[in-house]
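Data block below; observations after.
Values reported hereafter were calculated over all heavy atoms of this structure, with side chains retained and with hydrogens, waters and symmetry mates removed. In this text the structure is predicted, and so the values were computed from the model without any measurement. So you know, we letter chains A, B, ... as the sequences are listed, proteins then strands, and number each from 1.
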There are 2 protein chains.
Amino acid sequence: MKIAEVSQKFDISADTLRYYERIGLLPGVNRSEGGIRDYTEEDCNWVEFIKCMRGAGLSIESLIEYVSLFQQGEKTLKARKEILIDQREELENRIIEMQETLERLDKKIEYYESHLIPAQDMLVIAEN
Amino acid sequence: MKIAEVSQKFDISADTLRYYERIGLLPGVNRSEGGIRDYTEEDCNWVEFIKCMRGAGLSIESLIEYVSLFQQGEKTLKARKEILIDQREELENRIIEMQETLERLDKKIEYYESHLIPAQDMLVIAEN
DNA sequence: CCTTGACTTGGAGTCAACTCCAAGTATTAT
DNA sequence: ATAATACTTGGAGTTGACTCCAAGTCAAGG
């Protein structure tokens, strides 16, 4: 699969794909004789995985580390698992924080919904 | 309240507070005769609010718009409510996406937990 | 009054994560 | 074979959100 197809399939710009490769996040992509990238099925899986994890806010740094350990084989199973657990924890915390903020927004919207907000109560809207 | 206190109270650097003021996210902070910032209770509420919303990933741009409408008074109630609803929606979508990723991470961790991963199954870990 | 430390400004610098560019090479359609 | 299109590279530029800096002003203690 050429870069343009991968780009379209996963809605990631070709520049970003090349960038990921450059920084070691997507290593070992095969090339044709002419030097043109040819993504395997496995490469595509990684692309999809990275896109998903980046979408959830995992840092590129931690993903590079994960991928790099992966490439070093079975002896890194433990370290890889630890990264996953760490990142899982951080993600969960972010989600919890965001849910609290969501609830806060809901309350604010309720205030606005009840058309009962005189100017002097505006402060309350900001506070809550 | 002086900037250093506000900075400490909300764990936001004084530079960031000044930056927020400059870009119109935290307008109308009072000054002493000498020109030194003196945050009111209401200013502090805004600081806290902004910190919370930024923490959940709302863009500074949308927050500036909200604050700016707020300052224009009651006639902007509808527009403000719309911003809140839009942002709430986006936030919810992000949360949902992140929860899916959390579940995916959990599955991956489970794989690692069951010490049954031979080298040729590594692909599966990447895929799932 | 003088020193010390906190505050002020405008503007420059940093960081992560892309995104774009120019010059060149490869592939494909005619 | 040639033109048009897609790909390559290294490196520069951009964006959002800060973060730092220098030079100057202000305020509190001795």
- Among D:dA17, C:dC18, D:dT8, the one nearest B:Y19 by side-chain distance: D:dA17
Tell me every residue that passes side chain to side chain contact (heavy atoms under 4.5 Å, CB included) with [X], counting only those two or more places apart in sequence or in another chain.
X      : value
A:Q99  : A:I95, B:I95, B:Q99
A:E21  : A:V29, A:R31, A:R37, A:Y39
B:T101 : A:C52, A:M53, A:A56, A:L91
A:E82  : A:K78

Would you please name every residue forming a side chain to side chain donor-acceptor pair (under 3.5 Å) with [X], sequence neighbours left out?
X      : answer
A:D106 : B:R88
B:S7   : none
A:Q72  : A:S68

- Answer yes or no on whether B:R80 is positioned over the face of B:F70, meaning its NZ or CZ is under 6.0 Å from the six-membered ring centre and within 45° of the axis. yes
- Query: Would you say B:R37 reaches C:dC7's phosphate, i.e. side-chain N/O to OP1/OP2 under 4.0 Å?
  - Reply: no
- Task: Give a yes/no on whether any side-chain N or O of B:Y20 is located under 4.0 angstrom from OP1 or OP2 of D:dC18.
- Result: yes
- Item | 5′-ward residue of the pair B:T16/A:R31 relative to DNA chain D | A:R31
Just the rounded figure in Å: distance from [atom2] of [N] to [atom1] of [X].
X     : N      : atom1 : atom2 : value
B:E21 : D:dT19 : CD    : C1'   : 17 Å
B:Q8  : C:dA6  : CD    : C1'   : 14 Å
B:I60 : D:dC18 : CD1   : P     : 4 Å
A:L17 : D:dA6  : CG    : C1'   : 15 Å

- Rounded to 10°, tell me the angle between the two end axes of the helix from C:dC1-D:dG30 to C:dT30-D:dA1, each built from five pairs. 10°
- How is A:A4 classified with respect to the nucleic acid when contacts are heavy atoms under 4.0 Å: base, sugar-phosphate, or nothing? sugar-phosphate
- Query: What does A:I23 touch in the nucleic acid at a heavy-atom separation under 4.0 angstrom: a base, only the sugar-phosphate, or nothing?
  - Reply: nothing
- May I ask whether A:I96 and B:M98 are part of the same hydrophobic cluster, defined by side-chain heavy atoms of I, L, V, M, F, W, Y residues being less than 4.5 angstrom apart, directly or through others? no
- Task: Would you mind building the protein contact string for nucleotides 20-30 of chain C? One character per nucleotide, 5' to 3', B for base within reach (heavy atoms under 4.0 Å), S for sugar-phosphate only, - for untouched.
- Result: B-----SSS--
